[in-house]
S.K.: 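Here it is: the structure, laid out below.
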Amino acid sequence: RFAQPSPTSHDKRWVPPAQGSRPTFASGSAICACSSAMRMSQAMAASRPLSAAVARLAARDVPAALERAWRLARHGAPETLDAFDEVWRAATARRDFSIAAQAAAAAICILDADYRDFRSFDTWASRLAAAIAHPGTQNEPSVSLLLLGARALCALHAAEDFDDGPGIGHVVALLRRADDADKAVLGAAALIVLLNSWRRERESTQIEIEAQSLAASAGPWTAGHWLS
């Protein structure tokens, strides 16, 4: 078994507004941010239009925002992780820990696949652990595979044991019932990485065989990751 070096986590720090800045009213509308903060928000929206759109959607419909983030992921959009970050923040604020866990798991699997940058891996791993600590509803097979894969990657990167996971028979059953190719394939690929590190090639081959048909119907980025 091997573990790759743990990445350095980076958290965004909250910066208080400038002294003397207060909400004001003009033309019947409240202005609730100082002008510099508003300019910064507008600049971020201009530089990251796709994730900004996800943030606006998440403010009123978190499940729809999660699906929008997945659309970006399927095509390998550069703002994919930013989009999942917006979903995670909105879901956590609403205490929807099931969606928060899905967003974190997706980000972990994508970060591991796009191995050029691990800087935020620890942050996402902590987010996933916090979300799954809350009891949630029963996940459908594709989401269960995604969560399993993300937990496996977290254990691998932290050189921790992952002995509480389901047996290979259960994983194969989930793959046969999965109805979202991208989530299932990302989870399966992560589990294969862990099993190969344990030199359990027979089990990893079983997962690979079962996931192959799903990979054929996955999005372009997910299919490319599977083939790599």
Side-chain angles (χ1 to χ4, degrees), residues 1-4 63 66-67 69-70 73-74 84 87-88 91 96-115 121 124-219 221-228:
R1 186 189 311 189
F2 65 89
Q4 299 184 27
L66 177 65
E67 180 53 38
W70 271 110
R74 291 180 182 108
F84 280 118
V87 173
W88 178 87
D96 190 334
F97 297 111
S98 177
I99 287 183
Q102 291 182 51
I108 287 168
C109 291
I110 290 168
L111 277 169
D112 186 81
D114 189 17
Y115 50 81
F121 193 97
W124 281 110
S126 297
R127 289 175 171 184
L128 177 62
I132 63 177
H134 296 270
T137 57
Q138 183 68 29
N139 289 315
E140 53 97 10
S142 301
V143 174
S144 295
L145 285 164
L146 179 71
L147 293 173
L148 277 173
R151 288 178 55 221
L153 291 173
C154 290
L156 180 63
H157 284 269
E160 296 173 351
D161 289 332
F162 186 65
D163 297 330
D164 60 339
I168 186 66
H170 181 65
V171 173
V172 168
L174 288 174
L175 283 165
R176 291 175 178 175
R177 292 162 44 214
D179 58 1
D180 188 305
D182 294 272
K183 296 173 187 176
V185 168
L186 276 179
L191 289 169
I192 288 172
V193 169
L194 181 69
L195 289 170
N196 284 339
S197 76
W198 289 350
R199 301 186 184 280
R200 288 160 59 173
E201 289 83 3
R202 178 178 296 180
E203 290 170 296
S204 68
T205 299
Q206 284 182 267
I207 293 177
E208 185 175 354
I209 291 171
E210 291 294 336
Q212 191 63 43
S213 59
L214 286 169
S217 57
W221 182 89
T222 312
H225 167 51
W226 177 259
L227 291 175
S228 66

S.K.: Starting from the C-alpha separation in whole Å, work towards a yes-or-no answer on side chain to side chain contact (heavy atoms under 4.5 Å, CB included) for Asp112 and His157.
M.R.: CA-CA 10 Å; Asp112 186 81; His157 284 269; 2.8 Å; yes
S.K.: Are side-chain heavy atoms of Glu140 and Val143 found at a separation under 4.5 Å?
M.R.: yes
S.K.: Return the minimal non-hydrogen interatomic distance between Leu174 and Ser144, and the atom names on each side.
M.R.: CD1-CB, 4.1 Å
S.K.: Can any side-chain N or O of Asp182 pair as donor or acceptor with the backbone N or O of Gly219 at less than 3.5 Å?
M.R.: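 The answer is yes, because a donor-acceptor pair under 3.5 Å joins these two groups.
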S.K.: Not counting sequence neighbours, which residues clear side-chain contact (heavy atoms from CB on, under 4.5 Å) with Ile132? List them please.
M.R.: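 Per chain and number, Ile132 pairs via side-chain contact (heavy atoms from CB on, under 4.5 Å) with Ala101, Leu128, Arg151.
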S.K.: Considering residues at least two apart in sequence or located in another chain, which fulfil the side-chain contact (heavy atoms from CB on, under 4.5 Å) criterion with Ala223?
M.R.: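 With neighbours one apart ignored, the set is empty.
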S.K.: Any chance you could measure Leu148, atom CG, to Leu191, atom CG, to the nearest 0.5 Å?
M.R.: 6.0 Å
S.K.: First locate atom SG of Cys154, then atom CH2 of Trp124, and finally report the distance between them rounded to the nearest 0.5 Å.
M.R.: 11.5 Å
S.K.: Between Trp70 and Phe84 (judged by ring centroids, cut-off 6.0 Å), do the two rings come close enough to count as a pair?
M.R.: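 Centroid distance Trp70-Phe84: below 6.0 Å, so yes.
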S.K.: Considering non-hydrogen atoms only, spot the tightest contact between Leu194 and Ala152 and give its length.
M.R.: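 Where Leu194 meets Ala152 most closely, the heavy atoms are CD2-CB, 3.6 Å.
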S.K.: For Glu67, check salt bridge (Lys or Arg N to Asp or Glu O under 4.0 Å) against everything at least two apart and list the hits.
M.R.: Arg74
S.K.: Looking just at side-chain N and O atoms, do Trp198 and Glu203 make a donor-acceptor pair shorter than 3.5 Å?
M.R.: no
S.K.: Taking all atoms of both residues into account, what is the closest heavy-atom pair of Leu214 and Leu175, and its distance?
M.R.: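 Minimum heavy-atom contact is CD1-O, 3.7 Å.
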S.K.: To the nearest 0.5 angstrom, please state how far the CG atom of Leu153 sits from the CG atom of Leu111.
M.R.: 10.0 Å
S.K.: Does the side chain of Ile99 reach to within under 4.5 Å of the side chain of Asp96, using non-hydrogen atoms?
M.R.: yes
S.K.: Kindly give the heavy-atom pair with the smallest separation between Trp226 and Glu208, and that separation in Å.
M.R.: CZ2-O, 3.7 Å
S.K.: Rounded to the nearest 0.5 Å, what separation is found between the OG atom of Ser204 and the CD1 atom of Ile192?
M.R.: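 Reported value, rounded in 0.5 Å steps: 6.0 Å.
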S.K.: For a quick test of reading the model, state the closest non-hydrogen atom pair linking Lys183 to Ser142 and the distance between them.
M.R.: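 Residues Lys183 and Ser142, closest heavy atoms: CB-O, 3.8 Å.
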S.K.: Please give me the minimum heavy-atom distance between Thr222 and Leu186, naming the atom from each residue.
M.R.: CG2-CG, 4.4 Å
